[in-house]
Number of protein chains: 2
Amino acid sequence: MSNGTERPAAPAPITTARASIRDIARYAGVSVATVSRVLNGSALVKPESAARVQRIMEEHHYLPHAAARSLGRMRSETIGVVLPDIHGEYFSGLMRGIDAVAREARLHVLVASAHGSLREAREVTQSLYGRIDGLLMMLPEAVDPNEAQAMTCGLPTVWMNGRHGALEGCHVSIDSLTPARKLTQHLIDGGRRRIAFISGPRRNMDADQRLRAYLSVLAEQPDAMEPLVLDGDFSEESGYQAGRQLCVQPQSVDAIFAANDMMALGCLFALQEAGVDVPGQVALVGFDDVPIARYVNPALTTAGVDVAGMGGKAMSRLIQLLGPEPGEATDDVFQPNLMIRTSSAAVNTGQGINAENKRRASDQR
Amino acid sequence: MSNGTERPAAPAPITTARASIRDIARYAGVSVATVSRVLNGSALVKPESAARVQRIMEEHHYLPHAAARSLGRMRSETIGVVLPDIHGEYFSGLMRGIDAVAREARLHVLVASAHGSLREAREVTQSLYGRIDGLLMMLPEAVDPNEAQAMTCGLPTVWMNGRHGALEGCHVSIDSLTPARKLTQHLIDGGRRRIAFISGPRRNMDADQRLRAYLSVLAEQPDAMEPLVLDGDFSEESGYQAGRQLCVQPQSVDAIFAANDMMALGCLFALQEAGVDVPGQVALVGFDDVPIARYVNPALTTAGVDVAGMGGKAMSRLIQLLGPEPGEATDDVFQPNLMIRTSSAAVNTGQGINAENKRRASDQR
DNA sequence: CTGTTAGCGCATTCAA
DNA sequence: TTGAATGCGCTAACAG
């Protein structure tokens, strides 16, 4: 490419190796520095020169080489996003929020999934070094703060969803504890006492908070039954299975708290298949407020989590971190709103309650 | 950083500017080339030297700088993925498929959304130049083939979902036409004649194929009603609205074909809210087979689209394109499987059919 | 097996 | 307002 010493006229075919800044400089009859200046919008260029350079660049379909530029200015204008996995509405919502803010700041986004593994998270993050200016991190599970700190490779980092021990730095997260407590309490307030819980993935920090909230509220409620926890993994399939399992002896339970909406929906369909009336016989609540939650029948009570908002906030914070005024460590916590809908209507207002359930609920109130 | 001339002992704190390859070379008492060799696993290094270099690298938390490496070898080990937008299961499924293959090949993934705009797709792609080795492209709408070609910036590209005119190059897509025809025919075979269609976004290539399939099958069916197309945009909300609209005069329609599942689900919930029996009074089919489709009640008939599979295939093809044997232009078309479920059960087997519908359906068969 | 040398494409002093 | 020179961190011949 471009070893000629004269100024060729024909624009390079765009499928071929592209012109470099030197070629443009030569064609335009200026120095490389000048081309670099117009590239970066420097004011110290004579308008005519600038125009000529511009024209030549267009004629040759010139594009600056990002890697070279990165190396020169030690900045890639790219942010790395490391996530536990790539699944469903949660992932897409997060990415949408991140992308919206990144685009505004003309930043690129490099996504990497840890595939649920801490080791992979570490590896992938290291291989990002030199390719990104900052990091948005969400680990599949809690780790030692030193370990977490080491994983950033010294890059400016905003942690999402969950503090790792006493880890310093900037955090953005969604509180699960409070709304999960409220949801459990809401079921109790509705006259439910025999509440089952469908858990999320083991070691997942959100799932864990939700479970703990459920357990703690039950513990404070003397006339509630012993906790009943069914295994789930956040998939509708696992919710469906849990629902079927509960249908074997539906009388033993009058409410179900699923750790996320997809499982709640799977569970709902299992219950309906078995002819169990929701919320008449069994109340049901989820977590996340996925778009479909309000459309199902009965509409699903849940906690409205603004994942996109959190992603956007994380990106904003990171951008500030990269700027001249990084500021102190921050910790932004998003509070979900409770979306009380039909699936958790109180027993005395529910329809089609069978006598036994009704009696028991009244007895215990 | 690293201007010393001797060999310091203390490992650099990882929060500080990191050591470069030169520093490591100096500390290890070898040349930069040797360090580079162990970095790239060259066999031409004496084991002892390699071990020593390895140790020094670890002690200093050395990480090679990706941008520098990119520049040196003119390869970034990164793939750019340009998508029309970042929404829902479709996006996450696609990314999951892409990521799975990319990870195997130790490639990074840079995502960029065009936010529905062709202009933005062009801009973002250009700004990716020098940062990526290849491109996975999915445009928000069909464009002129030259235009499309120009947008690649000469980068090896695999096009996803939809050929732009006579554009050459590698394509991977999912056929919507055939399954959409089959779904329409399936409704007719089930005794339905008054079939409405809920459309997707204007100019979307998939949505367009599905609509055309619906129209063409109806045109071939002399005793079917005139096409009735309601506007939608692929969101459950728009499906819900369309469903409500249809409920105003439910007798006028005995089947609904929604251009995707989310709209079908929104529509289903609107119908149920209005007390319309599905599939008794109205049959319903969607497209995509989102995870939830099989769990709703009645389970949704749809076309099973393997987006993750398509994404993975696109990535595989691109990897080949980047290798020593790029091969000829290819065109892989994925055929969705029809998932016939309860929501489209034939009229004579449906339950709770009202007399009027039953009569009409029989008359027309 | 190892070191020396010369880039990769661009940004950025420092002079002019 | 411009150009020449130097360097970013690493790779890749080539010579030893």
Side-chain angles (χ1 to χ4, degrees), chain A residues 1-3 12 17-53 57 60-77 126-133 153-154, chain B residues 1-3 12 17-53 57 60-78 127-133 153-154:
Chain A
M1 178 214 300
S2 67
N3 287 321
R18 313 188 78 97
S20 81
I21 196 175
R22 266 202 302 280
D23 302 315
I24 300 300
R26 194 149 20 88
Y27 300 155
V30 298
S31 76
V32 182
T34 299
V35 178
S36 176
R37 291 196 183 94
V38 342
L39 229 38
N40 296 290
S42 162
L44 316 114
V45 181
K46 196 182 355 172
E48 299 112 73
S49 319
R52 184 151 35 89
V53 171
M57 292 202 297
H60 290 264
H61 304 287
Y62 172 74
L63 288 176
H65 195 279
R69 183 182 286 217
S70 289
L71 193 56
R73 84 165 57 158
M74 288 309 272
R75 254 194 171 234
S76 62
E77 315 287 324
Q126 290 188 173
S127 71
L128 253 33
Y129 177 76
R131 206 182 303 265
I132 59 178
D133 299 332
C153 303
Chain B
M1 177 214 305
S2 66
N3 287 321
R18 314 188 78 96
S20 81
I21 196 174
R22 266 202 300 281
D23 302 316
I24 300 299
R26 194 148 20 89
Y27 301 155
V30 297
S31 77
V32 184
T34 299
V35 179
S36 176
R37 289 195 184 95
V38 342
L39 230 38
N40 297 291
S42 163
L44 318 116
V45 182
K46 196 183 356 176
E48 299 113 73
S49 318
R52 182 153 37 90
V53 171
M57 293 201 297
H60 290 262
H61 303 286
Y62 172 74
L63 289 177
H65 195 280
R69 182 180 284 213
S70 289
L71 193 56
R73 84 166 59 158
M74 288 310 270
R75 248 186 175 244
S76 62
E77 314 289 324
T78 304
S127 70
L128 252 33
Y129 177 77
R131 204 181 306 262
I132 60 178
D133 299 333
C153 303

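A note on names: the letters A, B, ... follow the listed sequences, proteins ahead of strands, and every chain is numbered from 1. A quick note: this is a predicted structure, and the numbers were derived from the prediction, not measured.
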> What's the CZ-P distance between A:R75 and C:dG9, to the nearest Å?
Replying inline: 24 Å

> Between D:dT11 and B:R69, is there an OP1 or OP2 to side-chain N/O distance shorter than 4.0 Å?
Replying inline: yes

> So, is B:S36 close to the D:dT11 phosphate, meaning a side-chain N or O under 4.0 Å from OP1 or OP2?
Replying inline: yes

>> For a 4.5 angstrom cut-off between non-hydrogen side-chain atoms, does A:Y27 reach A:V35?
In response: no

> Any idea which of C:dG3, D:dC10, C:dG9 is nearest the A:I21 side chain?
Replying inline: C:dG9

> Relative to the 5' end of DNA chain C, which residue comes earlier, B:L71 or B:T34, by the nucleotide with the nearest heavy atom?
Replying inline: B:T34

> Rounded to whole angstroms, how far apart are CZ on B:R73 and P on D:dT11?
Replying inline: 6 Å

> Between C:dG9 atom C1' and B:R131 atom CZ, what is the distance in whole Å?
Replying inline: 14 Å

> Within the structure shown, what part of the strands sits under 4.0 Å from B:V35 by heavy-atom distance: base, sugar-phosphate, or nothing?
Replying inline: nothing

> When the distance from OH of A:Y129 to C1' of D:dC10 is rounded to whole Å, what number comes out?
Replying inline: 13 Å

> Roughly, in whole Å, what's the span from CZ in B:R22 to C1' in D:dG9?
Replying inline: 7 Å

> For A:S49, which contact category applies under a 4.0 Å heavy-atom criterion: base, sugar-phosphate, or nothing?
Replying inline: sugar-phosphate

> Separation of B:M74 atom CE from D:dA12 atom C1', in whole Å?
Replying inline: 14 Å

> Considering only heavy atoms from C-beta outward, does the side chain of A:R73 approach that of A:N40 to under 4.5 Å?
Replying inline: yes

> Within this structure, what is the CG-to-P distance between A:N40 and C:dG9, rounded to whole angstrom?
Replying inline: 17 Å

>> At less than 4.0 Å, is any side-chain N or O atom of A:S20 found next to OP1 or OP2 of C:dG9? Yes or no.
In response: no

>> Between the base of D:dG3 and the side chain of A:R37, is there a donor and acceptor pair under 3.5 angstrom?
In response: yes

>> On DNA chain C, compare the nucleotides closest to B:A68 and B:K46; which residue's is nearer the 5' end?
In response: B:K46

> What's the spacing between B:L128 CG and B:D133 CG if we round to 0.5 Å?
Replying inline: 11.0 Å

>> I need the CG-P distance between B:L44 and D:dA12, as an integer number of Å.
In response: 13 Å

